[in-house]
> 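To start, I am sharing the structure in question, which I have written as structure tokens.
Please read these numbers as outputs of a predicted model, since none were measured by experiment. Throughout, protein chains are lettered first and strands after them, A, B, ... in sequence-line order, and every chain is numbered starting at 1.
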Number of protein chains: 2
Amino acid sequence: MRGPTLKDLAEKLGLSITTVSRALGGYSDVAEATRQRVLQAAEEMGYVPDVTARRLQKGRTDTIGFVIPTFGPRFSDPYFSELLAGIGNEAARQNFDLLVSTRAPDTPEEKQAYRRMVEGRLVDGLLVVRTRVKDPRITYLSNLGFPFVSFGRSDLAVDFTYLDVDGALGMEWVAQHLIALGHERVAYISAPQDLMFCIHRSKGLQATLQRNGLSLRSGHLVVCDLTEGGGFKAMNQLLDLNPRPSAVVACNDLMAMGAMSAAQRRGLAVGHDVAITGFDDIPLAQHAHPPLTTVRQPIYDIGRRICRMLIRMIRGEELPERHVLLEPELVVRESSGIG
Amino acid sequence: MRGPTLKDLAEKLGLSITTVSRALGGYSDVAEATRQRVLQAAEEMGYVPDVTARRLQKGRTDTIGFVIPTFGPRFSDPYFSELLAGIGNEAARQNFDLLVSTRAPDTPEEKQAYRRMVEGRLVDGLLVVRTRVKDPRITYLSNLGFPFVSFGRSDLAVDFTYLDVDGALGMEWVAQHLIALGHERVAYISAPQDLMFCIHRSKGLQATLQRNGLSLRSGHLVVCDLTEGGGFKAMNQLLDLNPRPSAVVACNDLMAMGAMSAAQRRGLAVGHDVAITGFDDIPLAQHAHPPLTTVRQPIYDIGRRICRMLIRMIRGEELPERHVLLEPELVVRESSGIG
DNA sequence: ATTATATCCCAAAACGTTTCGGATGTCAAA
DNA sequence: TTTGACATCCGAAACGTTTTGGGATATAAT
């Protein structure tokens with residue numbers, strides 16, 4: 001059941017382990033004829049090097065780690081599957097393996113997953129996503145000098161390599177769009193405020209409103225989790241207000257979909273009686289009814305890019321930019337107003 | 001930067017590597033006092049065993065592999081993130097690591113990913129999902145006798161361990177539901193017919209229609225990929241027909257959402273002018289507009305379960321059932337008819 | 001004939017564990 | 001005093017690679 005080893009090959013060929021190894025490694029100090037013999041025997045016997053042994057010897061794993069922050073038992077987020085596809089494809093392209101762990105954020109289990117990957121030397125570098133205020137993961141990794149790239153900034157004093165999307169700018173566009181449509185009672189469905197991306201988006205929204213003489217009235221900011229269910233509940237709260245908001249900005253698309261659902265269940269026409277916007281532009285946004293106005297960030301590409309940055313870092317290459325801030329793109333569809 | 005090894009600990013304590021190792025391993029042939037000394041020193045120096053070295057010695061990896069079949073660059077599927085969460089959480093609970101690869105199905109790259117994991121001895125077992133007709137992955141793994149559990153059956157002669165949801169039964173219920181509502185012109189948006197789950201669903205649908213004197217008319221079966229975009233295009237084709245179908249059954253929820261979108265873009269009221277159903281019951285189905293009639297399968301639990309089965313298998317334990325077939329559940333919402 | 005230079009090959013160490021088979025010392029029973 | 005039993009510890013081998021630092025042989029230059 002277990003495959004042949006270098007030793008088996010060497011014995012069969014009457015060569016030393018060293019020579020077989022070097023032949024396969026393409027070293028120039030083995031005769032071309034021998035090399036061919038080795039190659040052929042390896043092929044015949046179905047030799048595949050034992051990755052574990054190689055890792056132990058080389059002192060590196062050629063593996064990158066990714067701890068996915070999952071919430072609750074039903075973690076169903078199209079956003080993450082797309083990010084994962086980007087990361088996975090890029091890793092494969094560069095001959096890296098990908099070790100994945102799914103853990104609830106800010107728990108001992110999450111901490112343990114990071115420690116295991118880092119201190120157990122399971123991976124050469126880590127990808128950190130959904131950065132949080134005073135993110136302990138970043139402190140931990142920075143202190144150790146362990147290679148990592150984060151998708152999202154932080155409010156810590158330490159300097160680290162990250163890629164982020166300018167959420168404040170995205171929300172500025174959303175706000176301007178809504179203001180241009182004449183909305184004055186704008187409400188905001190926010191994710192928990194310890195998430196950095198949420199903080200940036202909130203700031204962008206509120207700053208732009210204020211610059212235009214508006215603001216979130218009391219009760220017009222409601223916090224919920226990042227799911228359709230959360231958005232649904234939050235929207236119901238908002239619609240109980242009197243007067244109710246004329247426009248509702250959600251922190252991501254999933255929440256926006258939930259919000260639309262809540263409005264529609266009350267008989268309101270989204271895009272008419274109330275404007276709703278999201279953030280992310282997941283593929284479903286385009287096929288929602290009505291199609292969702294949102295802010296696009298290239299999730300798949302982001303996955304590839306942070307993965308590429310990390311691998312460069314691991315290889316010890318100099319990164320062209322250690323801090324990347326992407327401009328998102330406003331995508332206007334019908335949920336924010338028809339006509 | 002690299003952490004301390006057993007050797008470092010042993011030197012510091014004036015003990016042998018063996019004793020330190022056995023002390024940490026909780027063996028009874030080391031004095032309690034020594035054990036405490038070792039434990040404390042390990043704690044102080046922040047000793048964490050090198051997982052790679054341990055793997056090489058033990059001859060197993062305590063890792064399970066999972067190759068996610070991804071389509072195209074934008075692979076955004078809530079279904080998979082939920083499945084992954086189930087798998088990941090169960091694996092972690094049992095102290096297994098999870099190695100993930102993302103590859104397009106039926107490509108040389110996919111084959112290579114499997115070979116690497118198996119023959120490179122990177123994992124102790126594999127999870128196979130989205131089984132296909134004459135699935136080469138199953139043939140490959142069966143021939144080698146490599147431990148794996150599949151989510152989905154196959155049409156191969158070989159016997160292997162699987163868990164599946166009875167798609168035929170699910171579709172039977174969908175069909176009966178639509179027939180009870182009086183529909184006679186039922187159309188079907190199918191996924192590529194080399195996917196086993198699709199075959200089962202198709203059969204269930206067609207058999208039930210036939211048993212009731214109905215059938216899919218020509219042009220009423222259209223095949224597309226498993227995305228919203230696919231469903232959207234397929235639905236447009238169906239709506240160009242004259243007479244157009246009065247009910248459209250989609251092979252999964254994502255496609256159903258696309259189909260709804262297409263119908264609505266033509267001014268049709270879903271659930272009124274045309275009935276639409278899905279399959280999976282992703283969380284978004286509930287918050288679609290109108291909410292989507294669909295068939296529920298417990299994706300998260302399935303993830304946990306196949307993972308648990310695989311780990312049992314790896315541990316050499318006897319499985320209570322090698323073939324599990326779950327009954328899905330019809331969830332009637334408004335997209336199939338209002339009133 | 002001697003020395004230099006390639007060319008081809010290999011033994012042994014190393015990576016950090018776990019485990020097998022003793023080795024040593026102590027103490028009680030014979 | 002010897003024997004056995006027990007408690008505690010350790011040296012060395014093993015897992016399968018890669019790499020280091022030569023060694024042997026043949027050919028070419030002096």
Side-chain angles (χ1 to χ4, degrees), chain A residues 1-39 41-42 45-63 95 97 116 118-124, chain B residues 1-39 41-42 45-63 95 97 116 118-124:
Chain A
M1 152 108 199
R2 282 179 77 102
T5 69
L6 278 185
K7 196 169 146 206
D8 300 328
L9 268 184
E11 275 167 12
K12 164 153 183 170
L13 289 165
L15 289 170
S16 75
I17 294 183
T18 307
T19 304
V20 176
S21 171
R22 311 208 97 211
L24 294 172
Y27 284 74
S28 62
D29 65 350
V30 25
E32 184 54 25
T34 330
R35 214 174 81 83
Q36 289 305 333
R37 275 209 310 142
V38 172
L39 249 36
M45 302 179 64
Y47 170 78
V48 178
D50 183 295
V51 179
T52 304
R54 178 179 289 185
R55 283 181 182 172
L56 180 58
Q57 150 65 27
K58 291 215 163 195
R60 57 194 167 83
T61 62
D62 289 330
T63 302
N95 291 313
D97 290 313
R116 177 171 168 77
V118 171
E119 298 173 47
R121 276 153 282 188
L122 272 170
V123 303
D124 294 338
Chain B
M1 150 110 197
R2 281 179 78 101
T5 71
L6 278 185
K7 197 169 146 206
D8 300 330
L9 267 185
E11 275 168 9
K12 164 152 182 173
L13 288 165
L15 290 169
S16 75
I17 293 183
T18 306
T19 303
V20 176
S21 171
R22 311 206 98 211
L24 294 172
Y27 283 74
S28 61
D29 67 348
V30 23
E32 185 53 27
T34 330
R35 214 175 80 81
Q36 288 306 333
R37 276 210 308 145
V38 172
L39 250 37
M45 301 177 66
Y47 170 78
V48 178
D50 183 297
V51 180
T52 304
R54 177 179 287 183
R55 282 181 181 173
L56 179 59
Q57 150 66 27
K58 292 218 162 196
R60 57 195 167 81
T61 61
D62 289 329
T63 303
N95 291 313
D97 291 312
R116 176 171 168 77
V118 171
E119 299 174 47
R121 275 154 284 190
L122 272 171
V123 303
D124 295 336

> Quick one: Leu24(B) CG to dT19(C) P, roughly how many Å, whole number?
13 Å
> Got a second to check how far Thr34(B)'s OG1 is from Leu39(B)'s CG, nearest 0.5 Å?
11.0 Å
> Is the closest side-chain heavy-atom distance between Arg116(A) and Val51(B) below 4.5 Å?
yes
> More 5' along DNA chain D: Thr18(A) or Ser28(B), using each one's nearest nucleotide?
Ser28(B)
> So what does Arg22(A) touch, heavy atoms closer than 4.0 Å: a base, only the sugar-phosphate, or nothing?
base
> Return the set of residues passing side chain to side chain contact (heavy atoms under 4.5 Å, CB included) with Glu11(B) (not counting sequence neighbours), or none when no residue passes.
Lys7(B)
> Describe, as an angle rounded to 10 degrees, how the axis at the first end of the helix from dA1(C)-dT30(D) to dA30(C)-dT1(D) is tilted relative to the axis at the last end, five pairs per end.
70°
> My understanding is that only residues two or more places apart in sequence, or in another chain, count here; which of them pass side chain to side chain contact (heavy atoms under 4.5 Å, CB included) with Arg22(B)?
Thr18(B), Tyr27(B), Asp29(B), Val30(B)
> Could you check whether any side-chain heavy atom of Tyr47(B) comes within less than 4.5 Å of a side-chain heavy atom of Leu24(B), counting everything from C-beta outward?
yes
> Dump every N/O contact between nucleotides 13-17 of chain C and the protein below 3.5 Å, one line per pair.
residue : atom : partner  : partner atom : Å
dA14(C) : N3   : Gln57(A) : OE1          : 3.3
dC15(C) : O2   : Gln57(A) : N            : 3.3
dG16(C) : N2   : Ala53(B) : O            : 3.4
dT17(C) : OP1  : Tyr47(B) : OH           : 3.0
dT17(C) : OP1  : Asp50(B) : N            : 3.4
dT17(C) : OP2  : Leu6(B)  : N            : 2.8
dT17(C) : O5'  : Tyr47(B) : OH           : 3.2

> Given dT19(C), is OP1 or OP2 found less than 4.0 Å from the side-chain N or O atoms of Tyr27(B)?
yes
> In terms of side-chain geometry, is the basic nitrogen of Asp62(A) or Arg54(A) positioned less than 4.0 Å from the acidic oxygen of its partner?
no
> Quick one: OG on Ser21(A) to CG on Leu9(A), what's the gap to the nearest 0.5 Å?
10.5 Å
> For Val123(B), give me all partners under side chain to side chain contact (heavy atoms under 4.5 Å, CB included), at least two apart in sequence or on another chain.
Thr63(B), Leu99(B), Met117(B), Leu126(B), Phe146(B)
> Output yes when at least one side-chain N/O atom of Ser16(B) is less than 4.0 Å from OP1 or OP2 of dC10(D), else no.
yes
> What distance do Leu13(A) atom CG and Thr19(A) atom OG1 have between them, rounded to the nearest 0.5 Å?
10.0 Å
> Could you check how far CG of Asp62(B) sits from P of dT18(C), rounded to whole Å?
12 Å
> Just the table, please: protein N/O against nucleotides 22-25 of chain C N/O, every pair under 3.5 Å.
none

> Drop me the distance from Asp8(A)'s CG to Ile17(A)'s CD1, to the nearest 0.5 angstrom.
9.0 Å
> Rounded to whole angstrom units, what separation is found between the CD atom of Gln36(B) and the P atom of dT8(D)?
13 Å
> Given 3.5 Å as the limit, does a donor-acceptor pair link the side chain of Arg121(B) with the main chain of Val48(A), or not?
yes
